[in-house]
Every structure is written in C-alpha cells, then in structure tokens.
Amino acid sequence: MEEDVLVVKDIPVEGSSPKGGLISVWTLNRPDKLNSLNEKSHQSIKKECLRAESNDQIRCVVIRGASPNDPPEGKKRKPHSFAAGADISEFSGKNSDDVRPFFEDNAWEAVWNLSKPTIAMVDGFALGGGTELALSCDIRIASERAKFGQPEINLGLIPGGGGTQRLCRLIGYGKAMEMVITGEMLDSEEALKIGLANKVVSSDELENFTMDMAKNIARKSPYTIKVAKRSVRASLELPFSEGVLTERSEFVALFDTEDKEIGVQAFLERKQPEWVGN
Ligand code: COA
C-alpha cells in the first residue's frame, strides 16, 4: 500500500484554554524523494488547512519533513530534508496550460492564508518549494544542518510558490535577488543572520525546541493570537500610517473581549489566565 505523503498527528497541549487545545503536526512523508512536494502533497496540505481552520481545538500547526529511511544494504542513507522542492519529475513535458490550474490553487497559499499560527521545523534541505513552504509559515526553526535555497533558476524556472515576494519582504531585496538568480544554498548560520531562520538549534534539540514554542503559542488566547497574526500581516499590505491605524483599531477592539479582562485580571492576581477564546 502507498504510504501517506502527509502524516498528520494532533498533539494535546496541557494547560491550554479553552481546554482541549491541539498542535497539529504535519510531516511531509516522501523521504526517499527528499520530501519533495508532488500533486498529492499539495492536495493533502490544502485539505489539512481546511481542517485546521475549521477545528477550534487546533491552536498551532507545525510542518516538518520525515527523517530518512534506513537504506537498503550497501546503499547510502538519503539526506535529511524538510522538502527539496516541488517534485521535478512532475514538470517534465508540461506546458503552461498544464501547470496553471495547479499553481493557481496551491498549498503555499493555503498555508499562508491560515488564520492560525504556523511553524516550519526545518531539518536538512529546504529548497525551491520547500523554502517557499517554510516562507508560508509564520516562524522558521532550523537545525544546524538546514540548507535553504531557491535553485529553480538551474531548471530554467523561477520560484512559483510566492518565493520571490515573500523572500523580499522577509530578508530584503538584495539577499532575495541573490538567492533567486544564483540558485545557491545558504547554510543555517547565514539563514539566521539574514532573518530567514528565526532560530537555529542542534538537530537533537530541534523537535523539543519547536514543540515547546508551539505549546507556548497554543496556550495563548486563540482569539487574540488570530488578531495578532492579522495585525502583523497587515504590515505587508498597507502603507505604514494605515498599518498603524489598523493596529490601533484591532487593539482597541480587544478591549471588548472577555479574554482581555481575563488576561489582565490573571496578571493582577498572579494566576494563570483561563482564556475563553473571545
Ligand atoms: N523532485 C523530485 N525528486 C527529487 C527532488 C525533487 N525536487 N529532490 C531530490 N529528489 C530525489 C532524487 O531524484 C533522488 O531520487 P532517487 O534516489 O530515486 O534517484 C533522491 O531524491 C535523493 O536525491 P539525490 O539528488 O540523490 O541526493 P543528493 O544528496 O545527491 O542531493 C540535493 C541532494 C537536494 C542537492 C539534490 O537532490 C537536489 O538538488 N534536488 C533538487 C532541488 C531543486 O532543484 N529543487 C527545486 C525544485 S523546483
């Protein structure tokens, strides 16, 4: 039987409120092909995005790649990967009419458009569509052996999952241009330096570090988290002064929520807040 290209596990978060909070961990599961994203991966990610959006218990999403399988005797182990890009075998012989519908409704936008927080846990290669998937997440935690890159130029292509745009906004025009036109990979140290990775830890620590961060986020008010994400995102779309006004109106509106009163009282009474989520 063919294995699932995306393995999904919902992990309960102790101390979350409203009770029953979950972290949804999505593992790209094609390790023999370095977790490259084929059409099925996209369909599965889009389906999970719909589920995550409609399930109030899911408070945070973590996306990761499966570890390499044990190699057959005499063969070399394949390298660790988050995702080594789109599945290049699916590009062969296709023309623009063939690929347009797929690219118009893709997993990178579905992840980007989630109202809930998302973390990419990057261990090994994140190339092409893999870097783009990490860019579609809100936060990128990388291991020391992570490598990022946009090598599409070497295939006679450019990034097609929002990479040119999201890279410019995250790491700036100069570095984005360098990555896209040289196709060269960056190691984790450089990724951290330019802000592509939020944090770099050892491979052994990566899972615990990422899950601790996800739990921390999952224990906040799910309503306030959505407002926070929406407000930071507004900076990408709006002129500065309009963005400041948008933030102010979101901030002021929070004074009508129960969770603001719960958070403030919990602080004053030195208790843990028990959020109601509105
Ligand atoms: N699409 C489809 N298959 C891919 C792939 C991709 N993006 N990236 C790797 N693979 C497959 C290889 O074909 C190989 O399959 P096989 O063992 O059945 O022949 C397997 O994954 C292992 O890759 P391999 O190239 O042998 O590993 P490596 O350690 O020598 O090199 C990379 C690792 C990441 C440098 C190399 O695989 C690579 O450059 N991949 C393509 C990256 C890319 O251009 N991504 C952008 C796509 S738009």
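Along the sequence shown, the residues carry numbers beginning at 1.
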*Answer yes or no: is there a donor N or O on one side and an acceptor on the other, between the side chain of Asn35 and the main chain of Ala66, under 3.5 Å?*
yes
_Reported CD-to-CZ distance for the pair Glu237 and Arg169, which is rounded to 0.5 angstrom_ = 7.5 Å
*Checking Gln150 side chain against Met179 main chain: does a donor-acceptor pair fall under 3.5 Å?*
no
*Salt-bridged, Lys33 to Asp87, with N to O below 4.0 Å?*
no
*Distance from Leu37 atom CG to Ile88 atom CD1, nearest 0.5 Å?*
11.0 Å
_What I want to check is whether the side chains of Ser36 and Arg30 have a donor and an acceptor closer together than 3.5 Å._
yes
*Hey, does the side chain of Asp98 reach the backbone of Asn95 with a donor-acceptor pair shorter than 3.5 angstrom?*
yes
*Would you confirm whether Asn106, through its side chain, and Phe103, through its main-chain N or O, come within 3.5 Å as a donor-acceptor pair?*
yes
*Roughly how far, to the nearest 0.5 Å, is CG of Leu167 from CD1 of Ile194?*
8.0 Å
*asked:* For the CD1 atom of Ile262 and the NZ atom of Lys271, what is their distance to the nearest 0.5 Å?
replied: 9.5 Å
*Would a 4.5 Å heavy-atom cut-off, applied to side chains only, mark Val25 and Arg64 as touching?*
yes
*Does a side-chain N-to-carboxylate-O contact under 4.0 Å join Asp70 and Arg77?*
yes
_Please check: side-chain N/O of Trp275 versus main-chain N/O of Arg219, any donor-acceptor pairing under 3.5 Å?_
yes
_To the closest 0.5 Å, what do you measure between OG1 (Thr131) and CZ (Phe82)?_
8.5 Å
*Taking Arg59 for the side chain and Asp56 for the main chain, is one N or O donor matched with an acceptor at less than 3.5 Å?*
yes
*Kindly compute the distance separating CG (Leu133) from CD1 (Ile63), expressed to the nearest 0.5 Å.*
4.5 Å
*asked:* Between Asn69 and Lys78, is there a side-chain heavy-atom distance shorter than 4.5 Å?
replied: no
*Hey, are Lys175 and Glu178 close enough for a salt bridge, meaning a charged N less than 4.0 Å from a carboxylate O?*
yes
_Side-chain heavy-atom pair Gln43, Lys46 within 4.5 angstrom cut-off_ = yes
*asked:* Between Arg51 and Ser24, is there a side-chain donor-acceptor contact under 3.5 Å, judged purely by atom types and distance?
replied: yes
*Given side chains that start at C-beta, do those of Glu190 and Phe148 come closer than 4.5 Å, heavy atoms only?*
no
